[in-house]
Amino acid sequence: MPERPYTYYDFTLSLCPECLRRVDAKIVFENGNVYMLKNCPDHGFQKVLIATDVEYYKNIRNYNKASEMPLHFNTKTHYGCPYDCGLCQDHEQHSCLTIIEITDRCNLTCPTCYAMSSPHYGRHSTVEEVERMLDIIVANEGSPDVVQISGGEPTVHPDFFTILDIAKQKPIRHLMVNTNGIRIAKDEEFVKRLASYMPDFEIYLQFDSFKPTALKQLRGEDLTDIRRKAIDNLNKFNLSTTLVVTLQKELNDDEIGEIIEFGTQQRCVRGVTFQPIQVAGRHENFDPATDRITMTDVRDKILKQTNIFQPNDLIPVPCNPDALVMGYALKVAGKVFPMTRYIDPAHLLNNSRNTIVYEQDAALHSHLLKIFSTGISVDRVEENFKQLLCCLPEIHAPGLSYENLFRIIIMRFIDAYDFDVRAIKKSCVHIVHKDGRVIPFETMNLFYRDEKEKYVKELQAEKTSLPV
C-alpha cells in the first residue's frame with residue numbers, strides 16, 4: 001500500500017494566519033522535523049515547521065503537570081479558545097508572569113515590535129489605572145510570582161517611580177522592569193535609585209546582539225554603546241538583570257553562545273532569556289517562511305555554541321512545556337556549574353516547589369563543601385536549595401544567594417502560524433488588558449490590541465451566527 005511521506009502524531013486546533021479563523025491541524029514527523037499541517041477553506045493549505053527535534057518534542061508530554069488555576073477567572077467561556085480571553089474558565093494555567101504595560105510610548109520604533117510602540121503612539125496610563133491593574137493581578141494570584149512593568153518603554157513614563165513604589169507595596173514576590181536600557185545607560189543616578197528596590201527586583205534588559213547590523217534590523221538603530229554602558233551601570237550597583245534576546249534566524253542566532261558567555265562574566269546578570277520572533281505587531285522585513293527559528297533550534301544552538309550545558313540541562317518547563325525551556329546553573333568561585341541535570345523529574349510534576357538534587361559533580365561538590373561551613377551534607381541538598389520557581393528560583397542554602405544563580409530560558413511566543421490551542425490553554429505569561437482582563441501574551445498580540453479587537457468581535461459574531 002502507498003504510504004504518506006510523514007508519520008502522523010497528533011491532532012489539534014490552530015489558526016489560519018491570513019484570516020485568524022480556527023482550523024483543524026495535524027502534527028506530523030517528517031525527515032527529523034515536526035510540522036503542523038492545516039487547511040483553511042479560504043486561504044488553502046499551510047505547512048509550518050514547529051520543531052527540529054522529534055525526540056525532544058515527544059518528551060515534552062512527559063513534563064506536563066497538574067494545572068494551577070488562578071484564584072478566580074475574569075471571563076466566561078462562550079466562543080471557544082482563543083476568542084474568550086480574559087482569563088476564561090477554560091484556561092489551564094495561572095499567571096506565572098504577569099505583564100503590566102504602563103505606557104504605549106517608546107523612545108525607539110523597533111521594526112520587530114509586537115505592539116505598535118513609538119515616541120508618538122498612544123498614551124501613558126494614569127497611576128490610578130496602573131494600580132487598578134496591579135490589584136487585579138493580586139486578586140487573581142494572591143501573591144503573584146512575577147510582575148513585569150513594561151510598555152512601550154516604561155522608563156519614559158512621567159510617574160515611573162511612583163508606579164514602582166505602589167508595586168512594591170503589593171504582595172508581589174518578584175518585580176521586574178522590562179526596558180531597552182537607554183535611560184539606564186544615560187543616567188547613573190536613575191540606576192542607583194532602581195537598585196534601592198532590591199531585593200526581589202530585577203531588570204529585564206533588551207540585549208539582542210553585539211552586531212550593529214543586527215541591532216539596526218531589529219531595533220532600527222545601532223545600540224552597541226547603549227548596551228555596553230547600561231551593563232556597566234547595572235554592574236556598578238549589582239542590580240539583578242536578565243538579558244533578553246529577540247532571535248531571528250540567520251541574523252543573530254550565531255551569537256547565542258557568545259551572549260551566554262558574556263552573561264556569565266557579568267556581576268549583575270542572573271541569566272539570559274531567548275525569545276524567537278513572534279509574527280505579530282510591526283515585523284518589518286520578516287518572512288515567516290524563511291526567518292522563523294523554533295524553540296528546538298534555539299536549544300540545539302545553545303548546546304552547540306557553549307561548553308556549559310548538556311541536553312539534560314535544558315528541559316521543558318512543566319507549567320507550559322510546549323512553550324518554555326529552562327536550564328539552571330550556579331556561579332561559584334568564578335565557574336559555572338549546571339544544576340538542572342540534577343533535578344528529579346518526578347518533583348517537577350507535583351504542585352510543590354521544584355527542588356534540586358546533586359550528587360555527581362566533584363568540582364561543584366568541593367566548592368560547596370567550602371561554602372557550607374555549617375557542616376551540612378551536600379550529597380542531597382533538597383531541604384536547603386529549594387523553592388525553585390519555573391522562571392525565578394529562590395535559593396535557600398548557606399553561603400549561596402540569588403547572585404549565584406544563572407538561568408537560561410527559551411520562551412516561545414506562539415503566533416498564528418504555529419498556533420496550537422493545547423499549548424495556548426497552558427500559557428502562563430499574561431498581560432493585563434486596559435479593561436482589566438488578563439490575557440495570554442500570545443493571544444493579546446494576535447487579537448486584543450487596539451484595532452485588532454474589532455476583528456475578534458467580528459469572529460465572535462460569525463461564530464454566534466453559525467448553525468448549531
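In this chain, residues are counted from 1 in sequence order. Because the structure is a prediction, the values reported are computed rather than measured.
A distance-only check finds a donor-acceptor pair linking the side chain of Arg299 to the backbone of Leu314 [under 3.5 Å]. No side-chain donor-acceptor contact under 3.5 Å links Gln46 to the backbone of Tyr417. Side chain of Asp415 to main chain of Leu446: no donor-acceptor pair is present (N/O by atom type, distance under 3.5 Å, no hydrogens or angles). A donor-acceptor pair under 3.5 Å is formed between the side chain of Lys452 and the backbone N or O of Asn445. Side chain of Gln460 to main chain of Tyr83: a donor-acceptor pair is present (N/O by atom type, distance under 3.5 Å, no hydrogens or angles). With hydrogens and angles disregarded, no donor-acceptor distance shorter than 3.5 Å links the side chain of Arg412 to the backbone of Met295. Within the 3.5 Å criterion, the main-chain N or O of Tyr328 finds a donor-acceptor partner in the side chain of Thr340. In this structure, the side chain of Arg227 engages the main chain of Asn180 through a donor-acceptor pair within 3.5 Å. Arg22 places no side-chain N or O within 3.5 Å of a backbone atom of Pro82 that could act as its donor or acceptor partner. Using modelled atom types, one side-chain atom of Asp84 and one backbone atom of His78 make a donor-acceptor pair closer than 3.5 Å.
Ser240 approaches Phe201 most closely through the heavy-atom pair CB-O, 3.7 Å. Smallest separation of non-hydrogen atoms from His91 and Ser427: NE2-O, 2.8 Å.
The pair Arg219-Asp208 counts as a salt bridge, with a side-chain nitrogen and a carboxylate oxygen less than 4.0 angstrom apart. Between Glu462 and Arg21, at least one side-chain nitrogen of the basic residue sits less than 4.0 Å from a carboxylate oxygen of the acidic one, meeting the salt-bridge criterion. A salt bridge between Arg123 and Glu129 is present, with a side-chain N of the basic residue lying under 4.0 Å from a carboxylate O of the acidic one. With respect to the salt-bridge test (charged N to carboxylate O, under 4.0 angstrom), the residues Asp297 and Lys249 do not qualify. The pair Arg173-Asp145 meets the salt-bridge criterion, with a side-chain N (NZ, NE, NH1 or NH2) lying under 4.0 Å from an Asp/Glu carboxylate O.
Exactly one residue among Val177, Ile149, Val156, Asp159 makes a side chain to side chain contact (heavy atoms under 4.5 Å, CB included) with Ile102. That residue is Ile149.
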Donor-acceptor pairs under 3.5 Å, side chain of residues 130-138 to any protein atom, not counting sequence neighbours: which ones?
{"residue": "Glu131", "atom": "OE2", "partner": "Lys170", "partner atom": "NZ", "Å": "3.0"}
{"residue": "Arg132", "atom": "NH2", "partner": "Asp435", "partner atom": "O", "Å": "3.3"}
{"residue": "Asp135", "atom": "OD1", "partner": "Lys170", "partner atom": "NZ", "Å": "2.8"}

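Around atom NZ of Lys76, no more than 12 heavy atoms belonging to other residues, nucleotides or ligands sit under 6.0 Å away. In the displayed structure, Met69 atom CE is contacted under 6.0 Å by at most 12 heavy atoms of other residues, nucleotides or ligands.
Using a 4.5 Å heavy-atom threshold, the side chains of Cys85 and Thr75 count as separate. Residues Val298 and Asp253 have side chains not in contact (no heavy-atom distance under 4.5 Å, counting atoms from C-beta outward). Annotation: side chain of Lys26 is in contact with side chain of Tyr6 (closest heavy-atom distance under 4.5 Å).
Classification of the Tyr197-Phe161 ring pair by plane angle, with boundaries at 30° and 60°, yields parallel.
A side-chain N or O of Asn238 and one of Glu403 form a donor-acceptor pair less than 3.5 Å apart.
Atom-to-atom distance recorded for Asp10:CG and Tyr57:OH is 6.5 Å, nearest 0.5 angstrom. Thr443 contributes atom OG1, which lies 6.0 Å from atom OH of Tyr448 (distance to the nearest 0.5 angstrom). From Leu164, atom CG reaches atom CG of Leu194 across 7.0 Å, with rounding to the nearest 0.5 Å.
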